Chemist: 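Take a look at the following structure, please.
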Amino acid sequence: MNNIAQHHNLKNKVIVISGAGGVLCAFLAKALAKTQAKIALLDINLDAANQVAEEINQAGGIAKAYQTNVLDLASIEQTRNAIAQDFGTCDILINGAGGNNPKATTDNEFHQFDLPTNTKTFFELDKSGIEFVFNLNYLGTLLPTQVFAKDMMGKAGANIVNISSMNAFTPLTKIPAYSGAKAAISNFTQWLAVYFSKVGIRCNAIAPGFLVSNQNRALLFDENGNPTARANKILTNTPMARFGEPEELLGALLFLIDSQYSSFVNGVIIPVDGGFSAYSGV
Ligand code: NAD
């Protein structure tokens, strides 16, 4: 499946990916490099992004890492200028930086009258944690779009892909800020699609379901390979009764970014979730 990207020819296109040192976007960036596009890897963690760039370049692709804070306009603008010099201006922007924070996560799924006193409930959630999550996911998508979309207007095939989540459709227990921030991303994706419709930039999103990667495998399965209690809940609510693999996002992403396939697709949020968001549980 990893090889499907080579059937898409995006030669000379400049793809800018934020969060590119992270689990999903590093994987996606390596796969997208097979389209012959030039890949600009943005991450606050330069080492992580450099490692991805090195792997891509060693495999014959074209990539460069840029230390960038997606919450700092000056940093994004500096990166924009560097990319313009190295590769040319952006054609395709993938806003991948995002995530949750423990300070914005409750211990309990449901509030109760008789919880142990040390339980972190909704009432103990930390304002700074909630701000962190909203800023990283929402502003961290909006600010790079402000900077890069200026160059994308009128360019053939220009488009933006945001990363939403299952919790945007229905909030997941324990993570109200992350759920709200991803709902905002889905909404913003539609807003951008409309706003940029007259200047030739499409905007869509993918909403990954529950994926298993090396980083979260230990949280989802015990040492005998049996699903943990939360993993079991996920599987019970996933009609396909399994977790997804990061490579299963690739088809949806390629479809959206390659205008030969999706030139009239604008403002959609594609769930890649084994049917999770379609299932009521009954
Ligand atoms: P990750 O934590 O592995 O990667 C996120 C990357 O973003 C990291 O490399 C981090 O250094 C970088 N980053 C953090 N703050 C930044 C900042 N201010 N500026 C620039 N870079 C910054 O996350 P992931 O699991 O690969 O997720 C990628 C995206 O997919 C996120 O938007 C996440 O919310 C979303 N998502 C992930 C899953 C999943 O199962 N992993 C499911 C649904 C949605």
Side-chain angles (χ1 to χ4, degrees), residues 16-31 40-53 65-80 93-102 104-105 129 131-145 147-148 160-172 175 177-186 188-189 205-217 219-220 230-231 234 238 242-250 252-253 269-274 276-277:
V16 175
I17 309 182
S18 73
V23 179
L24 294 187
C25 289
F27 168 79
L28 293 171
K30 286 184 238 174
L41 305 156
L42 279 52
D43 206 293
I44 203 162
N45 179 346
L46 183 61
D47 288 345
N50 263 332
Q51 201 179 321
V52 181
Y66 301 86
Q67 184 165 36
T68 311
N69 180 356
V70 293
L71 299 177
D72 177 357
L73 263 182
S75 162
I76 306 166
E77 271 160 5
Q78 198 178 11
T79 292
R80 180 252 159 227
L93 172 64
I94 301 173
N95 285 308
N100 190 29
N101 186 284
T105 305
E131 279 170 348
F132 174 90
V133 172
F134 270 91
N135 284 347
L136 176 58
N137 291 280
Y138 189 73
L139 276 183
T141 294
L142 187 148
L143 297 178
T145 303
V147 172
F148 288 104
I160 300 167
V161 174
N162 296 329
I163 311 293
S164 185
S165 170
M166 277 308 97
N167 57 38
F169 300 100
T170 309
L172 298 182
I175 50 172
Y178 186 50
S179 297
K182 287 300 191 185
I185 287 298
S186 292
F188 183 51
T189 299
I206 52 176
F210 295 91
L211 308 175
V212 64
S213 61
N214 288 336
Q215 281 71 8
N216 67 5
R217 203 175 299 272
L219 291 172
L220 297 174
R230 193 154 169 101
I234 294 167
T238 302
R242 66 171 177 84
F243 289 97
E245 304 284 337
E247 40 272 57
E248 291 182 288
L249 295 178
L250 187 56
L253 182 64
I269 292 96
I270 302 185
V272 184
D273 67 346
F276 181 92
S277 59

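First listed ligand is number 1; within each ligand, the first listed atom is number 1. On a predicted model such as this, the values are computed, not experimentally measured, just so you know.
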Chemist: Answer yes or no: is there a donor N or O on one side and an acceptor on the other, between the side chain of S18 and the main chain of A97, under 3.5 Å?
Modeler: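 Answer holds: yes.
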Chemist: Side-chain contact, heavy-atom cut-off 4.5 Å: T238 with D273?
Modeler: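 No, every pair of side-chain atoms sits at 4.5 Å or beyond.
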Chemist: Have a look at ligand 1 and work out which part of A20, if any, has a heavy atom under 4.0 Å from it: side chain, backbone, both or neither.
Modeler: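 Answer for A20: neither.
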Chemist: If hydrogens are left out, which of L24, N100, D72, D47 has an atom nearest to atom 27 (O) of ligand 1, that is, the closest non-hydrogen atom?
Modeler: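 Considering heavy atoms of L24, N100, D72, D47, the nearest to atom 27 (O) of ligand 1 sits in L24.
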Chemist: Please list, in number order, the atoms of ligand 1 under 4.0 Å from a heavy atom of G99.
Modeler: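 This gives 34 (O) as the contact atoms.
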Chemist: I'd like to know if the side chain of N69 and the backbone of I76 have a donor-acceptor N/O pair within less than 3.5 Å.
Modeler: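 A pair under 3.5 Å: no.
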Chemist: Considering distance alone, does some N or O of K182 sit under 3.5 Å from an N or O of ligand 1?
Modeler: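 Between K182 and ligand 1, an N or O pair is found under 3.5 Å apart.
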Chemist: Which protein heavy atom lies closest to atom 35 (C) of ligand 1, and at what distance to 0.1 Å?
Modeler: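 Of every protein heavy atom, I163 CG2, 3.6 Å lies nearest to atom 35 (C) of ligand 1.
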Chemist: Regarding N162 and T189, is there a side-chain donor-to-acceptor distance under 3.5 Å anywhere?
Modeler: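 T189 and N162 do have a side-chain donor-acceptor pair below 3.5 Å.
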Chemist: Protein heavy atom under 4.0 angstrom of atom 11 (O) of ligand 1, is there one?
Modeler: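 There is a protein heavy atom less than 4.0 Å from atom 11 (O) of ligand 1.
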Chemist: Going by heavy atoms in the side chains, are V212 and E245 under 4.5 Å from each other?
Modeler: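 The answer is yes; the side chains approach within 4.5 Å.
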Chemist: Where the closest heavy atom to atom 5 (C) of ligand 1 is concerned, which of S213, G98, P208 has it?
Modeler: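 Closest candidate by heavy-atom distance is G98.
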Chemist: Is there a polar contact between ligand 1 and L71, counting only N or O atoms under 3.5 Å apart?
Modeler: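 No - when backbone and side-chain N and O of L71 are compared with those of ligand 1, no distance drops under 3.5 Å.
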Chemist: Does any N or O atom in G19 lie less than 3.5 angstrom from one in ligand 1, N or O only?
Modeler: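 The answer is no, given that G19 and ligand 1 share no N or O pair closer than 3.5 Å.
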Chemist: Quick one: does D43 get an N or O within less than 3.5 Å of an N or O on ligand 1?
Modeler: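 N/O-N/O distance under 3.5 Å: yes.
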Chemist: Using distance alone, decide if ligand 1 has a nitrogen or oxygen within less than 3.5 Å of any nitrogen or oxygen in I44.
Modeler: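 N/O-N/O distance below 3.5 Å exists for this pair.
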Chemist: Which atoms from ligand 1 have a heavy atom of T68 less than 4.0 Å away?
Modeler: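 The list of qualifying atoms is 19 (N), 20 (C).
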Chemist: Okay, side chain of Q51, backbone of A48: is any donor-acceptor separation there less than 3.5 Å?
Modeler: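 The answer is no, because no donor-acceptor pair under 3.5 Å joins these two groups.
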Chemist: As an exercise, identify every atom of ligand 1 less than 4.0 angstrom from a heavy atom of N69.
Modeler: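 The list of qualifying atoms is 17 (C), 18 (N), 19 (N).
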Chemist: Quick one: does any side-chain atom of K182 pair with a main-chain N or O of I163 as donor and acceptor, under 3.5 Å?
Modeler: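 Yes; judged by distance alone, with no hydrogens or angles, the pair exists.
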Chemist: Relative to atom 36 (N) of ligand 1, which among F243, F27, Y178 owns the nearest non-hydrogen atom?
Modeler: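 Among F243, F27, Y178, the closest heavy atom to atom 36 (N) of ligand 1 comes from Y178.
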Chemist: Would you check the N or O atoms of L42, main chain and side chain alike, for any that come under 3.5 Å of an N or O of ligand 1?
Modeler: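 So ligand 1 has no N or O lying under 3.5 Å from an N or O of L42.
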